[in-house]
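This chain uses plain numbering: 1 for the first residue, then up along the sequence. Values below: every heavy atom of this structure, side chains too, minus hydrogens, waters and symmetry copies.
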Amino acid sequence: MSRFFEPGVPVNVHSGSVPVQRVLCPNASMMTGPGTNSYLIGEREMALVDPGPADDRHTDAILNALAGRVLRKIFVTHTHSDHSPGTRLLQLRTGAEVIGLAPPEEGHHDRSFQPSRHYQAGERIDCDEYVMHLLHTPGHVSNHFCFLLEKENMLFTGDHILEGMTPVILPPDGSMSAYLHSLQTLQQLELAALAPGHGEVMRDPGQVIGKLIRHRLQREQKVVNGLQELGPCTLDTLVLRVYDDVQAHLIPWAKKTLLAHLIKLEEEKRIACSGEHWEQL
């Protein structure tokens, strides 16, 4: 692996008036790509986006990258195990304010995560050198935030927008309707860069977001076409028709997102579920 994606090595990913460094966590996998990106922001009094998993090596790498500077704020996009569990140890060692949304009751979430207070969508957090705008972007999960570094128009996207892959939507907590609405909301912003939870920074936000929306709607159309061709069928049958372009080992994850598509179509009264079978109305 190149030094650009070497775990624990701080890499400058943005050189504007507000510096941004990425520290990569050593948790590469099929689902995390090269690993979880933790972003250090600022020059003097620092902020961090996504501490990653509870991994002492990664926490030490973040503290080393601070190089004696003060960590004032920890921003957490959502409470999955590869993004938030490192918060607790890092907060204990730095005293930083923890900014994010508490874990929902449904789904597999980090129950140890505790924000410093209740934060609301639309809040602007003053970080002295810059301002971070909190954007609620449900879809992947219900408690997902994206964070906009306003001075640079750089959006930290967590798992809402990824580089080189599409996020899994995880019902019942996750929602395809909410995901598409969140993407359409972001599409209205003037963005210069997208800093994802996994992968490289993307410099063409409008194109990336538009492509994601088109991809999800094209997949939805495959769902509709599949039900027309197959008639009433189970999730196990339909997934092989709708996701005929993915590798076999990804089918269990594809089923989760397929269910999110089906729930959206059911909400729109375009399809119905009877027992284990889905069908068009």
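Inter-residue side-chain proximity for H140 and P167 is flagged as met; some heavy-atom pair is nearer than 4.5 Å. With a 4.5 Å cut-off on side-chain heavy atoms, E6 and L24 do not count as touching. You'll find the side chain of N12 stays beyond 4.5 Å of the side chain of P19, heavy atoms only. E150 places a side-chain heavy atom less than 4.5 Å from the side chain of R124. For the pair K256 and I169, the minimum side-chain heavy-atom distance is 4.5 Å or more. Using a 4.5 Å heavy-atom cutoff, the side chains of V23 and H58 are in contact. Residues L63 and L71 fail the side-chain proximity criterion, which asks for heavy atoms closer than 4.5 Å.
For the atom pair Y119 OH and N143 CG, the distance stands at 14.5 Å (nearest 0.5 Å). Put simply, CD1 on I74 and CG on L90 are 4.0 Å apart, with the number rounded to the nearest 0.5 Å. A distance of 13.0 Å separates OG1 in T77 from CD1 in I99, rounded to the nearest 0.5 Å. I209 CD1 to L155 CG: the interatomic distance, rounded to the nearest 0.5 Å, is 7.0 Å. With rounding to the nearest 0.5 angstrom, the CG atom of D55 is 10.0 Å from the OG1 atom of T36. Of the inter-residue distances, the one linking L262 atom CG with E266 atom CD reads 8.5 Å to the nearest 0.5 angstrom.
Residues H80 and H108 keep their aromatic ring centres 6.0 Å or farther apart. Checked against the 6.0 Å centroid criterion, the rings of F156 and Y39 qualify as a close aromatic pair.
In summary, R93 and D60 engage in a salt bridge, as defined by a charged side-chain N under 4.0 Å from a carboxylate O. Note on R216 versus E220: no salt bridge recorded, every NZ/NE/NH1/NH2 to OD/OE distance being 4.0 Å or above. A salt bridge is defined here as a Lys NZ or Arg NE, NH1 or NH2 lying under 4.0 Å from an Asp or Glu carboxylate O, and D204 with K211 fails to meet this definition. The residues E123 and R117 are annotated as salt-bridged, a charged nitrogen and a carboxylate oxygen being separated by less than 4.0 angstrom. Between E45 and R69, none of the side-chain N atoms (NZ, or NE/NH1/NH2) sits under 4.0 Å from a carboxylate O, so this pair counts as no salt bridge. Salt bridge absent: R88 and D110 never bring a charged side-chain N and a carboxylate O closer than 4.0 Å.
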* Asked: Between D128 and R72, is a salt bridge (charged side-chain N to carboxylate O under 4.0 Å, His left out) present by the stated rule, with each step listed?
  -> CA-CA 10 Å; D128 189 29; R72 294 295 188 193; over 6 Å; no
* **Check against ring pair (Phe, Tyr, Trp, His ring centres under 6.0 Å), H83 and H198** => CA-CA 10 Å; H83 287 263; H198 310 278; 5.1 Å; yes
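Judged by distance alone, the side chain of D173 and the main-chain N or O of S142 form a donor-acceptor pair under 3.5 Å. At distances below 3.5 Å, not a single donor-acceptor pair connects side-chain atoms of N153 with backbone N or O atoms of A193. Although no hydrogens or angles enter the test, the distance criterion places no donor-acceptor pair under 3.5 Å between the side chain of T79 and the main chain of H109. Between the side chain of T32 and the backbone N or O of S29, at least one donor-acceptor pair lies under 3.5 Å. D244 places no side-chain N or O within donor-acceptor distance of the main-chain N or O of L240, the cut-off being under 3.5 Å. A distance-only check finds a donor-acceptor pair linking the side chain of T234 to the backbone of T237 [under 3.5 Å]. Formation of a donor-acceptor pair under 3.5 Å by the T137 side chain with backbone atoms of S182 is not found in this model. Under a 3.5 Å cut-off, the side chain of Y130 and the backbone N or O of I41 do form a donor-acceptor pair. Between the side chain of K222 and the backbone N or O of V242, at least one donor-acceptor pair lies under 3.5 Å. When atom types are taken as modelled, the side chain of S116 and the backbone of V98 share a donor-acceptor pair closer than 3.5 angstrom.
Smallest separation of non-hydrogen atoms from T87 and S84: OG1-O, 2.7 Å. For the pair G158 and D50, the tightest heavy-atom approach, listed with the atom from each and the gap, is CA-OD2, 4.3 Å. For L40 against A65, the heavy-atom pair with the smallest separation is CD1-CB, 3.5 Å. Among all heavy-atom pairs drawn from E97 and K73, the shortest one is OE1-NZ, 2.7 Å.
Side chains of E267 and S177: a donor-acceptor N/O pair is present below 3.5 angstrom, by distance only.
Between Y179 and H160, the two ring planes are perpendicular [angle over 60°; tilted spans 30° to 60°].
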